[in-house]
Amino acid sequence: MSTGSIVRAAPYERAADDWYVEPQWCVEQLADAIAFEHRTIIWDPCCGRGTIPDAFRSKGYVAYGSDIVDRGCAHFLGAYDVLGPSLPGALAGFSDVSAVTNPPFKIAEAIARQLLAKPLRRVAILQQLSFLASQGRQSLFTDFPPS
């Protein structure tokens, strides 16, 4: 073993579309920690298989998901690009919608900004700590201070 050498791990292969599934317990903790009004509709615009809608439904909420592709979410509203200008048509008539999502890390800030510009009651983003701790996102948190 040589001294002074640095061993770097090979970078891991990223999942297609940066799709990583959040653990069910994490979503359940979020649902317990934030006082979402029970009349609000919970919407996950990056729903994947539907972990977030399923967890909120198990707690008595009305919850739906959408995504750029259908990955098998049981409460899927249809294909939808969250970076688009409007809410999915199925939600357009509702005035009390909150977004809860775990967006792909590479575009999470863009998605957060887009969601915060939409007529939503609340926006909750599940992300790794480096998202919150990044100096590069200071403007996001200055523009939209977290609660």
Side-chain angles (χ1 to χ4, degrees), residues 8-147:
R8 296 180 192 257
Y12 63 91
E13 288 189 37
R14 298 192 69 92
D17 297 323
D18 230 12
W19 182 49
Y20 299 95
V21 178
E22 63 283 337
Q24 180 87 14
W25 67 265
C26 183
V27 181
E28 290 169 353
Q29 292 282 321
L30 175 69
D32 290 341
I34 298 177
F36 290 97
E37 294 75 12
H38 260 73
R39 71 179 189 281
T40 194
I41 295 171
I42 303 297
W43 167 57
D44 180 2
C46 305
C47 71
R49 285 189 302 243
T51 305
I52 291 172
D54 289 347
F56 275 88
R57 280 179 172 266
S58 75
K59 296 195 173 285
Y61 291 92
V62 173
Y64 298 100
S66 54
D67 210 323
I68 56 172
V69 295
D70 184 352
R71 299 182 194 274
C73 175
H75 308 287
F76 195 64
L77 293 177
Y80 171 79
D81 182 356
V82 69
L83 294 174
S86 60
L87 291 174
L91 295 176
F94 294 96
S95 61
D96 200 359
V97 178
S98 291
V100 179
T101 192
N102 174 17
F105 187 80
K106 288 192 278 187
I107 57 173
E109 182 175 349
I111 288 173
R113 286 183 177 280
Q114 192 71 353
L115 289 172
L116 289 163
K118 292 185 186 321
L120 298 166
R121 178 177 287 275
R122 289 180 176 231
V123 174
I125 307 286
L126 291 169
Q127 276 294 307
Q128 57 191 5
L129 183 57
S130 61
F131 181 83
L132 181 61
S134 168
Q135 184 176 9
R137 282 188 202 78
Q138 180 179 358
S139 69
L140 172 65
F141 300 122
T142 300
D143 295 344
F144 303 99
S147 59

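Just the heavy atoms: all of them, side chains too, but no hydrogens, waters or symmetry mates, feed the values below.
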Between Leu120 and Val97, is a side-chain contact (heavy atoms from CB on, under 4.5 Å) present by the stated rule, with each step listed? CA-CA 5 Å; Leu120 298 166; Val97 178; 3.7 Å; yes

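Ring centroids of Phe94 and Trp43 are separated by 6.0 Å or more, keeping the two rings apart.
Remark: of the listed residues Ile111, Asn102, Leu115, Ile111 is the sole one forming a side chain to side chain contact (heavy atoms under 4.5 Å, CB included) with Cys46.
Taking CD1 of Ile34 as the reference point, atom OG of Ser98 lies at 9.0 Å (rounded to 0.5 Å). Atom NZ of Lys59 sits about 12.5 Å away from atom CD1 of Ile42, to the nearest 0.5 Å. In this structure, the separation between NZ on Lys118 and CG on Leu116 is 10.5 Å, given to the nearest 0.5 Å. Remark: Ile68 CD1 to Leu83 CG distance equals 9.5 Å, nearest 0.5 Å. Atom OG of Ser66 and atom NE2 of His75 lie 14.0 Å apart (nearest 0.5 Å).
With respect to the salt-bridge test (charged N to carboxylate O, under 4.0 angstrom), the residues Asp54 and Arg49 do not qualify.
Looking at Arg39 and Arg121, their side chains come closer than 4.5 Å, going by heavy atoms from C-beta outward. Using a 4.5 Å heavy-atom threshold, the side chains of Arg71 and Cys47 count as separate. Contact of the Ile52 side chain with the Leu126 side chain is registered, since non-hydrogen atoms from C-beta on lie closer than 4.5 Å.
Residues Gln114 and Val82 come closest through the heavy atom pair CG-O, 3.3 Å.
Between the side chain of Thr40 and the backbone N or O of Asp96 there is at least one donor-acceptor pair closer than 3.5 Å. A donor-acceptor pair under 3.5 Å is absent between the side-chain atoms of Glu28 and the main chain of Ala55, judged by distance alone. For the pair Asp67 (side chain) and Gly48 (backbone), a donor-acceptor distance under 3.5 Å is present. In this structure, the side chain of Tyr61 engages the main chain of Phe36 through a donor-acceptor pair within 3.5 Å.
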